[in-house]
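Taking it in order: structure first as structure tokens, then the write-up.
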Protein chains: 2
Amino acid sequence: MNWKERFPQFEPGLIELIEKEAVQRSFNAGDVIMRTGQYIKSTALVLEGRVKIYRESQDGGEFLMYYLLPGQACAVSMICAIQTHTSEVMAVAEEDSEVLMIPVHLMDDMMNQYKTWYQFVIQTYRNRFDELLSVVDNIAFRNMDERLEFYLKRYAEKTGKKSMDISHQQIADDLNSSREVISRLLKKMEQRNLVKLHRNMIELI
Amino acid sequence: MNWKERFPQFEPGLIELIEKEAVQRSFNAGDVIMRTGQYIKSTALVLEGRVKIYRESQDGGEFLMYYLLPGQACAVSMICAIQTHTSEVMAVAEEDSEVLMIPVHLMDDMMNQYKTWYQFVIQTYRNRFDELLSVVDNIAFRNMDERLEFYLKRYAEKTGKKSMDISHQQIADDLNSSREVISRLLKKMEQRNLVKLHRNMIELI
DNA sequence: TGAGCCCTGTGATTTCTGTCACCCCGGGAG
DNA sequence: CTCCCGGGGTGACAGAAATCACAGGGCTCA
């Protein structure tokens, strides 16, 4: 699929520029696209697949913030890009993914010259900010059982599937919890007839 | 103090427009500037004082996100403004404050016509996003004792004072915790010689 | 076929936090 | 001055979650 179809709103001049300067890269499921502390050289637009953005703590903990789907971009990479910062988050391909990498040194001009670009950037900030807000809500106000339900619901939404191929351990990592806790809570959900548990797979009901 | 001195970066045309269309309002300490669920009619720029932005849960819990100081603006009000949404956060004056209210229907044109304005908006998004990230870090990875230390440090930074006039109950509210827990943790901090406790006042060391 | 690994279930224990109960103290209102 | 109220200290307890320990089952690979 041609990348332009993912971003039909972009104006011709912008498309030309991207065509000339950006690089399209493929990642396999599990590949790290951007690492915490890494110097950012490009802004990433997702074309295909699914990218997971999460935060890392000093002592090895992880915490999932949100997913990027085709047509979306990483707000953090834009933020850091403009300031020539290092990344504050990890980006990992959760499925095989196609990503368009736009060199950061172009950002300033693109913002100035292409209205459709800065609209896209603003839109991106807004969406990520909103998602971050709901994430804050969850960890600030909710117990693990409710957070788990939210997690599963969101996962199903993003993948569009009712059955998710994921282990309890992975969920625990994403929620910065532990496997046993997740297992127990899932068991309870199964008893409430909300899910059906299988090996490496959870079915939503 | 004239509001223009708070925003020296704004270009002449923008200043004129704001002069003509915006309204300056005064709030006393404790006044609610924006309520959760309220329809947003203006974007707020802080001129004087200190404004607290926090999230509310359905069941009465609060959770402090960050402070706005003079020269800063509420990213959330911009987000909602552009989409003509309702507010997702509370904004309360923590000190007597002066706020410039810019009607939301102007936002689109301002973004298009005034470069200094959209730079300001982008900057605002970036800063708030960054703050939100560090907030997420704290609640996701840290225990209450570390969150408390972070809270006190930030409070001292924002006010520029080493002694803060605040009750344990207020801190507990901001952290969505309870008074007893905060009291105990503060006691421990006092034993570690990090603070000195007084009635309605905490001294940082 | 057997070894090793990962996934899952489950009990026991511990730590952290929230909640309840009750205390004292200081300061302002009457 | 006394009363009352909000601020703060503290113990006891409850519940959530993390941690430890261990067992069984399935899958892969030699």
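No experiment lies behind these values; they were computed from the predicted model shown. Just so it is clear: chains get the letters A, B, ... in the order the sequence lines come, proteins before strands, and each one is counted from 1.
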**Message:** Within the 4.0 Å heavy-atom criterion, would you say B:Ser178 contacts the bases, only the backbone, or no part of the nucleic acid?
**Reply:**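 Answer is base: heavy atoms of B:Ser178 come under 4.0 Å of a base.
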
Quick one: which of [options] gets closest to the side chain of [X]?
{"X": "B:Arg179", "options": "C:dG18, D:dG8, C:dG9", "result": "D:dG8"}
{"X": "B:Asn200", "options": "D:dG8, C:dT10, C:dA21", "result": "D:dG8"}
{"X": "A:Val181", "options": "D:dA17, C:dG26, D:dC27", "result": "D:dA17"}
{"X": "A:Arg199", "options": "C:dC7, D:dA17, D:dG6", "result": "C:dC7"}
{"X": "B:Met144", "options": "C:dG18, D:dC27, D:dT10", "result": "C:dG18"}
{"X": "B:Ser183", "options": "D:dG8, D:dG26, C:dT19", "result": "D:dG8"}
{"X": "B:Glu180", "options": "D:dA17, C:dG9, C:dT19", "result": "C:dT19"}

**Request:** Could you tell me whether B:Glu149 and B:Arg142 have a side-chain N and a carboxylate O separated by less than 4.0 Å?
**Result:**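 No, this pair does not count.
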
**Request:** Before accepting this row, confirm whether a basic side-chain N of the pair A:Lys153/A:Glu146 lies closer than 4.0 Å to the acidic partner's carboxylate O.
**Result:** no

**Asked** How far apart are the closest heavy atoms of B:Trp117 and B:Met107, and which atoms are they?
**Response**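 For B:Trp117 and B:Met107, the tightest heavy-atom pair comes out as CZ2-SD, 3.7 Å.
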
Rounded interatomic separation in angstrom, taking [atom1] from [X] and [atom2] from [N]:
{"X": "B:Phe141", "N": "C:dC16", "atom1": "CZ", "atom2": "C1'", "value": "18 Å"}
{"X": "B:Arg142", "N": "C:dT17", "atom1": "CZ", "atom2": "P", "value": "13 Å"}
{"X": "A:Glu146", "N": "D:dA17", "atom1": "CD", "atom2": "P", "value": "9 Å"}
{"X": "B:Asp173", "N": "C:dG18", "atom1": "CG", "atom2": "P", "value": "12 Å"}
{"X": "A:Asp145", "N": "D:dA17", "atom1": "CG", "atom2": "P", "value": "6 Å"}
{"X": "B:Lys188", "N": "D:dT10", "atom1": "NZ", "atom2": "C1'", "value": "13 Å"}
{"X": "A:Leu185", "N": "D:dA18", "atom1": "CG", "atom2": "C1'", "value": "12 Å"}
{"X": "A:Gln170", "N": "C:dC6", "atom1": "CD", "atom2": "P", "value": "13 Å"}

**Item:** A:His168 side chain near C:dG9 phosphate (N/O to OP1/OP2, under 4.0 Å)
**Value:**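 For C:dG9, OP1 or OP2 has a side-chain N or O of A:His168 closer than 4.0 Å.
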
**Prompt:** Within the structure, does a side-chain N or O atom of A:Lys187 lie under 4.0 Å from either OP1 or OP2 of C:dG9?
**Reply:**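 Yes, within the criterion.
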
**Donor-acceptor under 3.5 Å (A:Glu157 side chain, A:Arg154 main chain)** =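 Looks like no, no N/O pair under 3.5 Å.
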
**Item:** Check: B:Ser163/B:Glu203 side-chain N/O donor and acceptor closer than 3.5 Å
**Value:** no

**Message:** Is it the case that the base of C:dG11 and the side chain of A:Arg184 share a donor-acceptor contact (distance under 3.5 Å, atom types as modelled)?
**Reply:**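 Such a pair is found, so the answer is yes.
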
**Item:** Donor-acceptor pair under 3.5 Å, A:Gln169 side chain vs C:dC6 base
**Value:**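 Side chain to base: no pair present.
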
**Item:** Which residue lies more 5' along DNA chain C, comparing A:Leu186 with B:Asn143 via nearest heavy atoms
**Value:**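 Going by which nucleotide is closer to the 5' end, it is A:Leu186.
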
**Mutual orientation of the aromatic rings belonging to B:Tyr67 and B:Tyr155 [parallel < 30°, tilted 30-60°, perpendicular > 60°]** = perpendicular

